[in-house]
Amino acid sequence: MRVYLVIVDESDEARVALRFATRRAIKTQGQVHILALVPPQPFSAFGGIQATIEEEARARAETIAAAAAGSVLSQAGHMPVIAVVSGDPVKAVREYLSQHSEVAALVLGAPAGGGASGAGQGPLIGHFTGAGLGALSCPLFIVPGGMDEAEIDRLS
């Protein structure tokens, strides 16, 4: 079974990547894995405030992952695997891939109109299309953020 790993957040490019991965999973009788990242939070000198900030960030990531899972369920008819991980995004994705050898492809969305120089791309695309590309354990799919649903469906 082919497994497509999608990193989700509130961005349009994450929605594009999720749609592409879901459509590929449907066509290949595969599965979608959703990874929601909780980025490191700015340090607060007051421990109680820091804990509240971290809890809120994790709750937001869990809500985003649940919404993405609902989208996959409505399109594909089955629930994806969901993980919510705190920490550095690149390290979190690398660790997830090392623990899940069944992942057949990492699917990322590129921002619409990111420019020829790559300005505006996220840290994951920057890393995995640069120095980190050769160390990936699976192919990398980058879905252009400017694609509409019909284009994604046609190409997936």
Side-chain angles (χ1 to χ4, degrees), residues 1-41 57-76 78-156:
M1 174 187 314
R2 290 195 176 150
V3 174
Y4 301 92
L5 174 61
V6 181
I7 313 308
V8 296
D9 58 21
E10 296 174 303
S11 68
D12 289 334
E13 50 266 26
R15 283 188 281 284
V16 168
L18 183 65
R19 176 138 187 125
F20 181 87
T22 301
R23 303 306 296 172
R24 288 297 310 146
I26 291 168
K27 290 181 181 178
T28 63
Q29 298 179 345
Q31 185 176 28
V32 175
H33 283 204
I34 293 173
L35 179 59
L37 302 173
V38 182
Q41 300 302 307
R58 183 165 190 87
R60 183 177 202 89
E62 289 172 352
T63 300
I64 292 166
S71 176
V72 172
L73 177 61
S74 69
Q75 290 180 54
H78 55 81
M79 281 297 287
V81 173
I82 302 170
V84 178
V85 178
S86 299
D88 175 68
V90 170
K91 287 181 183 176
V93 171
R94 286 197 168 286
E95 186 172 306
Y96 190 90
L97 289 171
S98 73
Q99 294 172 353
H100 294 86
S101 60
E102 72 274 18
V103 173
L106 171 60
V107 182
L108 301 175
S117 65
Q121 70 186 10
L124 294 176
I125 290 179
H127 175 77
F128 290 118
T129 60
L133 181 61
L136 270 175
S137 58
C138 63
L140 170 65
F141 293 167
I142 300 176
V143 184
M147 294 178 75
D148 63 28
E149 289 184 358
E151 291 173 309
I152 293 169
D153 294 351
R154 181 177 58 81
L155 293 173
S156 61

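Owing to the predicted nature of the structure, the values given are computational and were not obtained by experimental measurement.
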Verify the neighbour count for atom CZ of R58: are there more than 12 heavy atoms of other residues, nucleotides or ligands below 6.0 Å? yes
Looking at R60, I want to see if its CZ is surrounded by more than 12 non-hydrogen atoms of other residues, nucleotides or ligands under 6.0 Å. no
How far apart are the closest heavy atoms of [X] and [Y], and which atoms are they?
{"X": "C138", "Y": "A104", "value": "CB-O, 3.6 Å"}
{"X": "V6", "Y": "A21", "value": "CG2-CB, 3.2 Å"}
{"X": "V72", "Y": "H78", "value": "CG1-O, 3.8 Å"}
{"X": "E13", "Y": "A110", "value": "CB-O, 3.5 Å"}
{"X": "I152", "Y": "R19", "value": "CG2-CG, 3.7 Å"}
{"X": "V3", "Y": "E102", "value": "CB-O, 3.4 Å"}

Side chains of [X] and [Y] in contact at under 4.5 Å (non-hydrogen atoms):
{"X": "F128", "Y": "I142", "result": "no"}
{"X": "L155", "Y": "V143", "result": "no"}
{"X": "Q29", "Y": "R2", "result": "no"}
{"X": "H33", "Y": "Y96", "result": "yes"}

With rounding to the nearest 0.5 angstrom, report the [atom1] to [atom2] distance, [X] to [Y].
{"X": "I82", "Y": "I64", "atom1": "CD1", "atom2": "CD1", "value": "12.5 Å"}
{"X": "M147", "Y": "D12", "atom1": "CE", "atom2": "CG", "value": "14.5 Å"}
{"X": "L5", "Y": "H100", "atom1": "CG", "atom2": "NE2", "value": "9.0 Å"}
{"X": "L108", "Y": "H127", "atom1": "CG", "atom2": "NE2", "value": "11.0 Å"}
{"X": "L140", "Y": "L124", "atom1": "CG", "atom2": "CG", "value": "9.5 Å"}
{"X": "F20", "Y": "D153", "atom1": "CZ", "atom2": "CG", "value": "10.5 Å"}

Take S137 and V103, measure what side-chain contact (heavy atoms from CB on, under 4.5 Å) needs, and give me the verdict at the end. CA-CA 8 Å; S137 58; V103 173; over 6 Å; no
Hey, mind stepping through F141 and L106 against side-chain contact (heavy atoms from CB on, under 4.5 Å) and telling me if it holds? CA-CA 6 Å; F141 293 167; L106 171 60; over 6 Å; no
Residue pairs passing the salt bridge (Lys or Arg N to Asp or Glu O under 4.0 Å) test where at least one lies in residues 125-137, sequence neighbours excluded: none
Show your working on side-chain contact (heavy atoms from CB on, under 4.5 Å) between V8 and L35 and close with a plain yes or no. CA-CA 6 Å; V8 296; L35 179 59; over 6 Å; no
R15 and E10 ion-paired at < 4.0 Å: no
Pairwise side-chain hydrogen bond (donor to acceptor under 3.5 Å, both in side chains) hits with a residue in residues 141-151, at least two apart: none
Has R24 got a side-chain atom pairing as donor or acceptor with S156's backbone, closer than 3.5 angstrom? yes
List the steps and the verdict of side-chain contact (heavy atoms from CB on, under 4.5 Å) for V85 and V38. CA-CA 6 Å; V85 178; V38 182; over 6 Å; no
